[in-house]
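Structure record follows, encoded as structure tokens.
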Protein chains: 2
Amino acid sequence: MPNPRLFSLKSDSIPRATIQRLALYVQVLEDLQREGADVISSESLAKACDVNPSQIRKDLAYFGKFGVRGVGYYIQDLIASLKRCLGIDHTWKTVLVGVGNLGRALLNHKEFKLRGFEVIGAFDCDPFKIGEEVSGLEVMCTKRLMEKSHELGVEIGIITTPPERAQRAANHLVEAGIKGILNFAPARITVPEHVVLEYVDFFHHLYSVAFNITLSQQK
Amino acid sequence: MPNPRLFSLKSDSIPRATIQRLALYVQVLEDLQREGADVISSESLAKACDVNPSQIRKDLAYFGKFGVRGVGYYIQDLIASLKRCLGIDHTWKTVLVGVGNLGRALLNHKEFKLRGFEVIGAFDCDPFKIGEEVSGLEVMCTKRLMEKSHELGVEIGIITTPPERAQRAANHLVEAGIKGILNFAPARITVPEHVVLEYVDFFHHLYSVAFNITLSQQK
DNA sequence: GATTGTGAAGTGTTTCACAGCA
DNA sequence: TGCTGTGAAACACTTCACAATC
């Protein structure tokens, strides 16, 4: 269901970093809401997110005007607006390919639904895993991806295979008409231009930690 | 063991993005090496990493001169140099706090050692988990972190607790004299300035996928 | 002849500073 | 008065273009 554009996109090229920060704002705002807060200024939110207040106002300005001058932002409204901007005002149907350690951990992750994603299919090419039930889902053969995806109306695919099988998984997902892929496998993959592709590799972050420790020790 | 500076840092402020890309270069170079390649030009490597060739040369220039004009880069040497630059020419001793689904998946992850990190301790505050063996490690009470960390010489801590317990885990790690933290919990945490802190939140990447799909559908 | 290393130009992002408004 | 929204300035990162050199 492509929702109508409910926000006014001021610019057609939004910094990638802005999107990542919007996700952070939502997370922090939801925490604040749980603590009973009602209204917040860009300055307070900035402090909680460890960014510059102007940064927040600029990020929001890409999508519209959500605040009240002299007052701040109504938290509940802002959360709703941001979710609409990010496209998570509805639940995205998702499948996972590669039921290894990481795949299992993700399937058992309770927060998916809470955050606007629902994993409705688990696939693997290992005959020993097919038929097994993981977190209420029956693991199916990767070859059935196309058939099942169409049946279920899947939009996003998550790859958690070993690196050498990531490209094949991607091919199956593309064939199945998926619109976007999140790849956890430490391997570059190629997809047609119309398919959105993102990588997650936590080792890169570990490297970053290691590097910064080394750096601080050399000072 | 702080290693002596074996590379010449040309600038004291290296873009964060550069570090992330160096990690990517190592990954891709190791793949190429396995395929039998020996020498590579910045242009070919750029194609494999999906970045601009000048970008690669600039990234490397922060650390020194690793190539041969008219020839390219010797892959084996370049991998070694990059690892030294990133600080992963030795193995980092690591502990993990929070043995839930994600924690378990990470503990079972085979690639840690391969990539220069060794998880030598697993901690949790749940009495039911304490004593349990996960991937060859006995889960210990978080309160014993300090004692054990000093004993083992731990440098990096990984937090995989639920968000509400992330700050407490961080406090324990800081107390234990840890130098860097990688936080998987979806919660902002505060640490002293001398402690390196990085966040991993794959939901932010999922949001990014969702947003880009929404965007491409609105065009 | 090929490819690196690098100053300079170009592009994109962040921060500042203040006008505009509740 | 207080805080947002935003043009302009500052800064950071990327790409270009070419001299250096193997």
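Naming convention: chains lettered A, B, ... in sequence-line order (proteins, then strands); numbering from 1 in each chain. No hydrogens, no waters, no symmetry mates; every other heavy atom, side chains included, goes into these values.
- The CG-P distance, from Leu78(B) to dT4(C), rounds to 11 Å in whole Å.
- Listed pair Tyr62(A) / dT6(D) fails the phosphate criterion, with no side-chain N or O lying under 4.0 Å from OP1 or OP2.
- For dT6(C), the OP1/OP2 oxygens have a side-chain nitrogen or oxygen of Lys65(B) closer than 4.0 Å.
- In this structure, CD of Gln20(B) is placed 13 Å from P of dC13(D), rounded to the nearest angstrom.
- Between the side chains of Gln167(A) and Asn171(A), at least one donor N or O lies within less than 3.5 Å of an accepting N or O.
- Taking atom CZ on Arg21(A) and atom C1' on dT14(C), their separation rounds to 8 Å, with Å as the unit.
- No side-chain heavy atom of Val119(B) sits less than 4.5 Å from a side-chain heavy atom of Leu106(B).
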Please tabulate, for side-chain N and O atoms in residues 156-166 of chain A, each donor-acceptor pair with protein atoms closer than 3.5 Å (sequence neighbours left out).
from, atom 1, to, atom 2, distance (Å)
Thr160(A), OG1, Val97(A), O, 3.2
Thr160(A), OG1, Gly98(A), O, 2.6
Thr161(A), OG1, Ala166(A), N, 3.4

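- Set against dA17(D), dT6(D), dG5(C), the side chain of Ser54(B) has dA17(D) as its closest nucleotide.
- The separation between Asn52(A) atom CG and dA12(D) atom P is 13 Å, rounded to whole Å.
- If you look at Tyr199(B) and Phe184(B), their ring centroids are not closer than 6.0 Å.
- For Phe202(B) and His109(A), the ring centers sit closer than 6.0 Å to each other.
- Other residues, nucleotides and ligands place more than 12 heavy atoms under 6.0 Å from the CG atom of Asp77(A).
- Regarding Phe66(A), its CZ atom lies at a distance of 12 Å from the C1' atom of dG5(D), rounded to whole Å.
- When each of dT14(D), dT14(C), dC16(C) is scored by its nearest atom to the side-chain atoms of Gln55(B), the top-ranked nucleotide is dT14(D).
- A donor and an acceptor atom never sit less than 3.5 Å apart when one is taken from the side chain of Lys58(B) and the other from the base of dT6(C).
- As rounded to whole Å, 14 Å separates atom P of dC3(D) from atom CG of Leu45(A).
- Residues from residues 22-44 of chain B placing a heavy atom under 4.0 Å of any atom in DNA chain C, listed by number, are Ser41(B), Ser42(B).
- Taking for each of Pro15(A) and Leu60(B) the nucleotide of DNA chain C with the nearest heavy atom, the 5'-most of the two is the partner of Leu60(B).
- Considering only heavy atoms from C-beta on, Ser208(A) comes within 4.5 Å of Asn212(A) through its side chain.
- Looking only at atom types and distance, the side chain of Glu118(B) has no donor-acceptor partner in the side chain of Thr91(B) under 3.5 Å away.
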So which protein nitrogen or oxygen atoms get under 3.5 Å of nucleotides 20-22 of chain C's nitrogens or oxygens?
from, atom 1, to, atom 2, distance (Å)
dG20(C), N3, Arg69(A), NH1, 2.9

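- In terms of modelled atom types and a separation under 3.5 Å, the side chain of Ser149(A) and the main chain of Met146(A) share no donor-acceptor contact.
- Across the protein-nucleic acid pair, Tyr73(B) atom OH and dC22(D) atom C1' stand 13 Å apart, rounded to whole Å.
- Counting non-hydrogen atoms of neighbouring residues, nucleotides and ligands closer than 6.0 angstrom, the CD atom of Glu43(A) reaches no more than 12 such neighbours.
- Comparing Arg57(B) and Asp59(A) by the nucleotide of DNA chain C whose heavy atom lies nearest to each, the residue mapping closer to the 5' end is Arg57(B).
- At whole-Å resolution of the value, OH in Tyr74(B) and C1' in dT4(C) are 13 Å apart.
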